[in-house]
Amino acid sequence: MCGIVGYVGSKYYGPDVVINGLRRLEYRGYDSAGIAIRYNPGERTDAMYGNVIENWREKGGVDELYDSIPESVIWESNCVIGHTRWATHGVPSRRNAHPHTSMNRTITLVHNGIIENYETLRKKLIQEGYEFESQTDTEVLANWIEYMYNKIYSETPGDLELAVRLALKDVVGAYAILVISPETDNVIMAKKSSPLAIGIADDGFVIASDATPIVEYTKDVIYLEDEQIAVIENNSDIRITDLNAVEVDPVIERVDLDLEQIEKGGFDSFMMKEINEQPETIQNCIRGRLTDGLDQLMMGGIDPVMPQLLRANKIFIIACGTSWHAALTGKNMIEKLARIPVEVDYASEFRYKDPIIKSGDVVIGITQSGETADTKAAMEMARERGATLFGVVNVVGSSIARLADAGMYTHSGIEVGVASTKAFTGQVAAMALLAIKLGRQLGNINDDTYLRLKSSLKSIPAKVAKILSQTEDILAIADEYTDEKYHDFLYLARGHNFPIALEGALKLKEISYAHAEGYPAGEMKHGPIALIDENCPSVFILPNDKDYGKVISNMQEVKARSGKVLAIVNEGDELAETIADHVIKIPECEEIFMPLLTVIPLQLISYQIATARGKNVDKPRNLAKSVTVE
Ligand code: AGP
């Protein structure tokens with residue numbers, strides 16, 4: 001899941017637009033980067049020259065690329081394409097970095113996605129005399145397009161669009177590509193599965209994997225659909241067709257995003273900024289939906305599928321990573337309040353496990369980015385089997401938001417930090433709203449409980465703000481666990497907070513690279529307790545609920561084996577601090593909503609341990625923000 005950016009216009013220096021754009025997309029991949037600058041030497045003299053394309057690629061992030069580009073390079077180019085990479089085929093290196101150019105230098109392109117049948121195409125090309133300089137599937141695509149370009153040259157000389165169209169018909173896999181050639185001024189874009197947005201600016205076009213590199217120049221965006229090809233002609237006109245050359249009228253959408261949202265806002269990192277945005281983002285998710293008194297919850301997005309949900313024998317929730325943990329909290333809340341059985345599956349497993357889906361069953365897909373290939377493919381499979389699709393999505397206009405029959409946005413705002421924080425609490429708040437709505441409509445929630453649940457959920461943003469006001473104290477406690485001797489961590493909880501133990505462990509793994517596992521506290525003595533010693537700290541989450549007593553015993557079992565214990569408890573708890581080495585006290589709320597509070601200290605703890613160990617919390621190694629390949 002790489003990031004691609006392109007600029008075709010007259011107002012700005014193309015490399016500036018593309019380099020800045022790649023910086024904004026680095027959360028999609030940051031192991032190598034590159035740009036290709038197309039210019040016509042003739043423009044600087046009135047001599048008749050063809051276009052020239054210069055490629056600059058570097059291992060490392062966009063900064064390394066920028067520093068590697070010599071001063072002498074033609075910066076005032078009006079056509080530039082660029083790429084920041086998350087390696088799939090071939091190690092991070094200059095040779096495997098994009099843009100890739102075809103053997104005879106006719107085609108230069110950047111690509112986000114995976115060409116699954118690249119080996120087949122490569123063998124064919126080798127028979128045709130092609131040689132390859134990289135290990136990538138993308139270079140194979142560049143040569144396959146060149147091969148088509150030459151094949152059709154006699155009938156349609158210089159028809160790059162047709163060459164791309166014919167080449168893509170032979171491609172199996174996911175792609176978003178920007179293609180240029182010295183032989184034409186046209187710029188070709190195409191998309192299948194991987195996202196591609198085209199910003200319509202007053203001087204030209206800013207093209208990118210998502211809107212973040214575009215909003216600086218325009219808010220008018222076309223989201224290319226699967227198997228569509230767009231052509232920019234004469235640096236000014238755009239034409240969109242499908243793979244069979246049938247013209248398509250472009251749909252221009254207004255993007256509700258501003259620069260301030262994609263800057264760090266004075267914080268050291270996007271992750272810390274996003275952790276601190278949660279009082280506001282949780283409020284954004286419940287605002288307008290969580291009505292007063294006994295009024296119905298206002299969730300217009302759910303109405304189209306409400307009948308199916310209300311008569312569902314079972315609800316499926318599918319997701320990946322942190323979103324899967326939100327799905328588990330959703331399962332607990334829906335089963336508790338609506339008494340509808342919920343099956344939660346990893347999307348990548350659900351996709352291929354031949355699930356028993358009956359027509360009319362509802363499949364809920366939870367996803368921050370709305371582009372996660374596993375979740376998208378699993379939802380597409382469920383649809384083929386007659387399921388109704390409901391999306392809980394953060395990124396507006398994303399593929400899964402457009403795929404679902406109905407859905408709700410979590411309104412968490414753009415999340416740049418690779419380790420998801422505010423999007424997670426937005427997802428859990430969305431699940432809480434869904435569970436209350438279903439429970440109330442199915443008559444499982446009486447007036448008193450309804451009012452109590454609504455006021456408790458309404459109190460969450462302020463309670464999160466209260467926890468964040470203790471940030472310095474929480475970071476100081478986390479400092480007790482930053483020593484690298486602590487290389488294994490256990491996160492333990494019961495009931496509603498078990499998914500939070502999983503989420504806390506994932507956060508620590510993602511950004512500090514320490515080994516951490518979340519477990520139901522009751523499960524500890526069936527194995528994980530073997531890990532316990534003075535160098536394997538345990539983080540217990542034990543709010544004052546029905547499971548409290550049991551978790552206290554589990555904590556004592558750890559202390560009995562000289563394990564170090566950090567406990568997340570409710571204010572007023574005096575027992576846990578007599579057992580644990582460190583306690584963090586947080587406000588109380590309804591038991592089923594506690595995950596919205598217990599996760600906050602765990603986000604801060606993982607942040608502090610990672611930061612103290614010198615890790616880049618916004619761009620952890622080997623990860624990317626949205627995983628657009630299966
Ligand atoms: C979470 O911090 C990670 N970035 C990752 O596990 C993420 O939750 C997962 O890739 C799912 O992404 P999505 O919510 O965008 O679908």
Side-chain angles (χ1 to χ4, degrees), residues 1 3 25-30 86 193-195 209-210 212 269-272 274-275 278 281 285 317-330 344-351 363-380 389 391-404 407-410 412-428 430-431 499-500 502-513 516 518 599 602-603 606-607 610 615-630:
M1 29 280 150
L25 289 184
E26 266 195 310
Y27 63 81
R28 303 175 66 88
Y30 31 82
W86 189 89
S193 291
S194 301
S209 298
D210 65 37
T212 52
S269 66
F270 283 105
M271 183 178 181
M272 189 50 104
E274 288 153 8
I275 288 174
Q278 291 176 103
T281 53
C285 181
I317 310 182
I318 56 175
C320 306
T322 283
S323 299
W324 185 78
H325 298 148
L328 289 176
T329 67
V344 172
D345 285 284
Y346 283 114
S348 52
E349 288 296 307
F350 188 77
R351 170 90 175 74
V363 171
I364 300 177
I366 302 182
T367 168
Q368 186 286 125
S369 60
E371 302 294 350
T372 301
D374 289 323
T375 306
K376 184 164 174 266
M379 289 176 82
E380 285 163 344
L389 302 182
V392 176
V393 182
N394 186 39
V395 176
V396 175
S398 56
S399 306
I400 292 174
R402 286 181 277 124
L403 170 69
M408 60 190 298
Y409 285 121
T410 57
S412 309
I414 189 141
E415 188 173 66
V416 177
V418 169
S420 183
T421 53
K422 63 176 182 174
F424 174 71
T425 48
Q427 291 163 345
V428 176
M431 285 291 110
I500 300 306
L502 294 173
E503 176 57 12
L506 177 64
K507 284 283 107 41
L508 189 67
K509 275 184 275 207
E510 281 188 279
I511 61 175
S512 78
Y513 320 150
V599 74
L602 303 186
Q603 295 167 344
S606 60
Y607 174 87
K615 311 302 183 203
N616 180 332
V617 294
D618 283 343
K619 291 188 272 184
R621 73 182 182 195
N622 302 343
L623 285 178
K625 184 67 187 166
S626 74
V627 185
T628 53
V629 291
E630 280 194 57

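Atoms considered below: every heavy atom in the structure, side chains included; atoms not considered: hydrogens, waters and symmetry mates. Order of appearance sets the numbers: ligands from 1, and atoms from 1 within every ligand.
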| task | Would you mind listing which atoms of ligand 1 come within a distance below 4.0 Å of any non-hydrogen atom of A419? | result | 2 (O)
| field | S323 neighbourhood, listing ligand 1 atoms whose heavy-atom distance to it stays under 4.0 Å | value | 8 (O), 13 (P), 14 (O)
| In ligand 1, which numbered atoms sit nearer than 4.0 Å to a non-hydrogen atom of Q368? | 13 (P), 14 (O), 15 (O), 16 (O)
| message | Is a donor from one side chain sitting under 3.5 angstrom from an acceptor on the other, for S323 and Q427? | response | yes
| task | Within a distance under 4.0 Å of any heavy atom of S420, pick out the atoms of ligand 1 and give their elements. | result | 1 (C), 2 (O)
| said: If you measure every N or O of T367 against every N or O of ligand 1, does any of those distances drop under 3.5 Å? | reply: yes
| field | Any donor-acceptor N or O pair under 3.5 Å, side chains T421, Q278 | value | no
| query | Is a side-chain donor or acceptor of Y513 paired with a backbone partner of R621 at a separation under 3.5 angstrom? | reply | yes
| Near V418, which atoms of ligand 1 are under 4.0 Å from a heavy atom of that residue? | 2 (O), 3 (C), 4 (N)
| Which distance, rounded to the nearest 0.5 Å, do you find between the CH2 of W324 and the OG1 of T367? | 16.0 Å
| query | Between T212 and D210, do the side chains contain an N or O donor and an N or O acceptor separated by less than 3.5 Å? | reply | yes
| Relative to the heavy atoms of T372, which atoms of ligand 1 are at a distance of less than 4.0 Å? | 12 (O), 13 (P), 15 (O), 16 (O)
| note | Within 4.0 Å of some non-hydrogen atom of E510, the atoms of ligand 1 are 1 (C), 2 (O), 3 (C), 4 (N)
| task | In plain terms, say whether E380 and R351 are close enough for a salt bridge, that is, a side-chain N and a carboxylate O under 4.0 Å apart. | result | no
